[in-house]
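The structure under discussion appears below in the form of structure tokens.
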Amino acid sequence: MKNLIFSVVLLMTISVSAQKYFTKTGITEFKASVEAFEPVEAVNKSTTAILNVENGDIAGLLFLKAFHFKVALMQEHFNENYMDSDKYPKATFKGRILDFSFDELTEDGKLLKLDGVLNLRGKDKAISTIAKLTKVGDKIQVTSTFSVEPQDFDIKIPGIVKDKIAKTINVRLNYELIEKK
């Protein structure tokens, strides 16, 4: 019994003391532009992300209404017609950076496989991509790109604008993480 209690306390101590790096100002961008039409793109500069540097687990959260478009009407249509942001206010990502080693990070950066699940509008989509991790001073920079399609999340594109929005949406992440104390 003593060994069981000791083991549980030890596991709790290890998981609580896991070294984590985070940001609340991560940049997430997407582009859904088609040539010859007005650019469909937006930037969110308040993505929250956390990285467990002991095992490579990574998670992110962003609020959809924090995406900013150059054209206000696009932002309104994005939130009301496509994303239904009042009903589904956030997007989340939970995944793992494979073969992650904090000690191997350098200023030159390292390309590693990133696997996880993106949840948007209540729908899950498996994501597998490459992330570049760079350690500069006491910060870790994580950059990555991946693509999704509107139908992955049951987003309906009306026929009148179907040709003005790309069939594949390109997403770019740029997160500067600091140690969580």
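No hydrogens, no waters, no symmetry mates; every other heavy atom, side chains included, goes into these values.
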Is there a side-chain contact between D57 and F100, using heavy atoms and a 4.5 Å cut-off? no
Separation between CD1 of I58 and CG of D115, rounded to the nearest 0.5 Å: 12.0 Å
Side-chain heavy atoms of L133 within contact of K135, under 4.5 Å: no
For the atom pair NZ (K167) and NZ (K162), what is the distance rounded to the nearest 0.5 Å? 6.0 Å
Any chance you could lay out the side chain to side chain contact (heavy atoms under 4.5 Å, CB included) test for V161 and Y82, step after step, and finish with the verdict? CA-CA 12 Å; V161 294; Y82 302 111; 3.3 Å; yes
To the nearest 0.5 Å, what is the distance between CG on D84 and CD1 on I155? 10.5 Å
Minimum-distance pair of heavy atoms, taken over all atoms of Y88 and G122: CD2-N, 3.7 Å
Does the T129 side chain pair with the main chain of T145, one donor and one acceptor, at a distance under 3.5 Å? yes
Cluster overlap I169 with V34, hydrophobic side-chain contacts below 4.5 Å: no
Any heavy-atom pair between the side chains of E179 and Q19 that's under 4.5 Å? yes
Cluster check I27, V142: I/L/V/M/F/W/Y, side chain < 4.5 angstrom: no
If you group Ile, Leu, Val, Met, Phe, Trp and Tyr by side-chain heavy-atom gaps below 4.5 Å, do V171 and I97 land in one group? yes
How close do P39 and M74 get, counting heavy atoms only, and between which atoms? O-CE, 3.3 Å
Measure the CG-NZ distance between D86 and K65 for me, rounded to the nearest 0.5 Å. 3.5 Å
Considering only heavy atoms from C-beta outward, does the side chain of T134 approach that of K132 to under 4.5 Å? yes
Does R121 reach the main-chain N or O of D154 with its side chain, forming a donor-acceptor pair under 3.5 Å? yes
Same cluster or not: I157 versus I160, using hydrophobic residues (I, L, V, M, F, W, Y) connected whenever any side-chain heavy atoms lie under 4.5 Å apart? yes
Sidechain-backbone polar pair: E29 side chain, E41 backbone, donor-acceptor under 3.5 Å: no
N174 and Q141: side chain to side chain contact (heavy atoms under 4.5 Å, CB included), yes or no, with the steps? CA-CA 7 Å; N174 187 356; Q141 186 80 27; 2.2 Å; yes
Could you give the distance from CG (L112) to CG (L105), rounded to the nearest 0.5 Å? 7.5 Å
Which residue is it: T23, T25, T143, T28? I am looking for the one with a side chain to side chain donor-acceptor pair (under 3.5 Å) to Y175. T28
Can you give me the closest heavy-atom contact between L177 and A49, atom names plus distance? CD2-O, 4.0 Å
Quick one: do F153 and L118 satisfy side chain to side chain contact (heavy atoms under 4.5 Å, CB included)? Show the steps, please. CA-CA 10 Å; F153 306 101; L118 174 64; 3.7 Å; yes
Close side-chain approach of L62 and F93, heavy atoms under 4.5 Å: no
Which atom pair, heavy atoms only, marks the closest approach of S147 to T168? CB-CG2, 3.4 Å
Using 0.5 Å steps for rounding, measure from the NZ atom of K123 to the CD atom of Q151. 13.5 Å
Can you classify the ring geometry of Y21 versus F102 as parallel (below 30°), tilted (30 to 60°) or perpendicular (above 60°)? tilted
For V71 and E38, work out which heavy atoms get closest and say how close. CG2-OE2, 3.1 Å
Can a side-chain donor-acceptor contact be found between E76 and N81 if the only test is distance below 3.5 angstrom? no
Are F67 and L73 connected in the hydrophobic side-chain network, where two residues link if heavy atoms are under 4.5 Å apart? yes
Which heavy atom in H68 sits nearest to a heavy atom in A66, and how many Å separate them? CD2-O, 3.1 Å
Could you tell me whether the side chain of S144 and the main chain of I130 form a donor-acceptor pair under 3.5 Å? yes
Mutual orientation of the aromatic rings belonging to F78 and F69 [parallel < 30°, tilted 30-60°, perpendicular > 60°]: tilted
Would you please test N55 and R96 for side chain to side chain contact (heavy atoms under 4.5 Å, CB included) and show each step? CA-CA 8 Å; N55 61 15; R96 176 166 281 183; 3.7 Å; yes
Between N44 (side chain only) and F63 (backbone N and O only), is there a donor and an acceptor less than 3.5 Å apart? yes
